[in-house]
Amino acid sequence: MLVVIPCLIYRKTGFIGPKDQRIFLILRGVLGSTAMILLYYAFQTTSLADATVISFSCPVFTSLFACIFLKEKYSLWDALFTAFTITGVILIVRPPFLFGSNAERIGESYSDHLKGTIASVGHAVFAALTLVILRKMGKSVDYFLTIWYYVVVGLAECTVILFVLGEWSLPHCGLDRLFLILIGMFGLGGQVFLTKAVQIEKAGLVALVKTMDVVFAFVFQIIFLNDVPTWWTVGGALCVVASSTGAAIRKWCQSSK
């Protein structure tokens with residue numbers, strides 16, 4: 001909010017938005033903040049690599065929802081990418097009815113792993129719906145105003161959830177408080193760089209480069225958390241990244257014609 005408010009004042013966009021777009025702005029705030037909450041929950045309950053990989057199924061869900069709500073064409077290529085994504089998620093989840101009860105498990109309990117996986121999929125779904133809403137609004141709403149609704153609605157949503165759960169308190173450890181600040185700073189920095197990248201380069205190429213998130217997740221998980229991903233996760237990651245990359249390349253080729 002400290003960053004967005006001065007930007008809104010400078011750009012003279014107001015804090016409410018066009019009357020016919022307010023419902024979409026509210027939905028953007030609710031869905032976007034819910035997606036982020038689910039992603040952070042996934043990071044806490046399953047491995048960093050697994051949560052990151054599954055969250056990359058967002059482009060596939062975006063194509064599906066765009067077809068349903070925006071009447072955009074859903075081709076056989078999109079169906080193929082969806083199948084690849086589902087295969088990747090199955091390899092990461094490794095359900096017992098397919099892999100047997102003695103299948104190799106990751107470090108934490110399988111119950112937590114399953115919860116984290118469901119949260120990651122939920123993040124991908126809500127993030128895809130958010131993108132569809134942003135596409136629906138188009139350029140009729142200033143970009144900073146959409147972030148403003150995300151901030152305000154997200155703050156209200158998080159406050160209510162924390163009070164319901166009885167977790168409305170800061171960590172006792174000073175280092176954890178520093179980590180919370182760093183999460184905000186790095187998260188905002190990521191949004192700024194991503195937005196700038198889309199402004200100066202084609203979205204397809206940006207989406208391709210963004211698949212490096214998976215590589216960084218694997219590397220950071222090994223270096224900082226000393227957690228080596230299983231071969232099942234690697235295989236699932238290849239399927240999901242191949243699906244996301246294929247979808248990005250196809251959109252890029254279509255926009256270049």
Side-chain angles (χ1 to χ4, degrees), residues 1-11 13 15 17 25-56 58 116 119-120 122-131 133-134 141-199 206-207 209-221 223-225 227:
M1 294 180 71
L2 292 176
V3 174
V4 175
I5 289 177
C7 294
L8 289 177
I9 295 175
Y10 175 77
R11 297 165 74 91
T13 60
F15 293 87
L25 286 167
I26 294 174
L27 285 175
R28 182 266 185 272
V30 173
L31 295 173
S33 56
T34 301
M36 189 58 63
I37 291 172
L38 290 172
L39 183 61
Y40 284 174
Y41 177 77
F43 286 151
Q44 289 187 331
T45 53
T46 190
S47 71
L48 176 64
D50 287 2
T52 304
V53 167
I54 296 175
S55 68
F56 258 79
C58 176
S120 300
H123 161 79
V125 171
F126 283 108
L129 288 171
T130 301
L131 291 175
I133 289 175
L134 290 174
V141 177
D142 188 89
Y143 175 76
F144 276 100
L145 189 60
T146 66
I147 298 180
W148 169 249
Y149 270 82
Y150 167 71
V151 170
V152 173
V153 176
L155 177 61
E157 185 176 347
C158 288
T159 302
V160 171
I161 293 175
L162 287 171
F163 271 118
V164 170
L165 298 178
E167 298 287 346
W168 188 249
S169 61
L170 286 173
H172 297 291
C173 177
L175 186 60
D176 285 342
R177 297 184 183 187
L178 174 62
F179 287 155
L180 286 175
I181 296 175
L182 290 176
I183 287 174
M185 293 177 60
F186 285 135
L188 177 61
Q191 286 293 321
V192 170
F193 281 119
L194 181 61
T195 304
K196 186 63 177 178
V198 174
Q199 287 178 345
V206 174
V209 176
K210 198 175 184 303
T211 58
M212 286 296 294
D213 281 9
V214 176
V215 177
F216 287 126
F218 276 73
V219 173
F220 292 157
Q221 176 175 305
I223 295 177
F224 297 109
L225 305 179
D227 184 3

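All values reported here derive from a predicted model rather than from experimental measurement.
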| said: I need the minimum non-hydrogen distance between Ile37 and Cys158, along with the two atoms involved. | reply: CD1-SG, 3.8 Å
| request: Kindly indicate, with the supporting measurements, whether the criterion side-chain contact (heavy atoms from CB on, under 4.5 Å) is fulfilled by Thr13 and Phe144. | output: CA-CA 9 Å; Thr13 60; Phe144 276 100; 5.7 Å; no
| said: Any heavy-atom pair between the side chains of Ile5 and Trp148 that's under 4.5 Å? | reply: yes
| said: Just verifying a value: how many Å separate Leu180 CG and Met185 CE, rounded to the nearest 0.5 Å? | reply: 13.0 Å
| message | Any non-hydrogen side-chain atom of Leu27 less than 4.5 Å from a side-chain atom of Tyr149? | response | no
| note | Residues at least two apart in sequence or cross-chain that pass side chain to side chain contact (heavy atoms under 4.5 Å, CB included) with Phe186, listed by chain then number, are Leu182
| task | Please name the pair of heavy atoms, one in Met1 and one in Leu155, separated by the smallest distance, quoted to 0.1 Å. | result | SD-CD2, 3.8 Å
| request: Identify the two heavy atoms, one from Asp142 and one from Arg11, that lie closest to each other, and give their separation to 0.1 Å. | output: OD1-NH2, 2.8 Å
| said: Pair Tyr41, Thr46 - check side-chain contact (heavy atoms from CB on, under 4.5 Å), show working. | reply: CA-CA 9 Å; Tyr41 177 77; Thr46 190; over 6 Å; no
| field | Heavy-atom neighbours of Leu165 CG exceed 12 at 6.0 Å | value | yes
| What distance separates Thr34 OG1 from Ile161 CD1, expressed to the nearest 0.5 Å? | 7.0 Å
| note | Output for pair (Leu31 CG, Ile26 CD1), nearest 0.5 Å, gives 11.5 Å
| request: For Ala124 and Ser55, work out which heavy atoms get closest and say how close. | output: CB-O, 4.0 Å
| said: Tell me if the CZ atom of Phe216 is crowded by more than 12 foreign heavy atoms within 6.0 Å. | reply: no
| Which pair of heavy atoms, one from Leu38 and one from His123, lies closest together, and at what distance? | CD1-N, 3.8 Å
| note | Rounded to the nearest 0.5 Å, the OG1 atom of Thr146 sits from the OH atom of Tyr150 at a distance of 11.0 Å
| said: Is any side-chain heavy atom of Leu48 closer than 4.5 Å to one of Phe224? | reply: no
| note | In terms of heavy-atom contacts, Leu134 and Arg28 come closest through CD2-CG, 3.9 Å
| said: Would you compute the distance between atom CZ of Phe43 and atom OG1 of Thr52 and round it to the nearest 0.5 angstrom? | reply: 4.5 Å
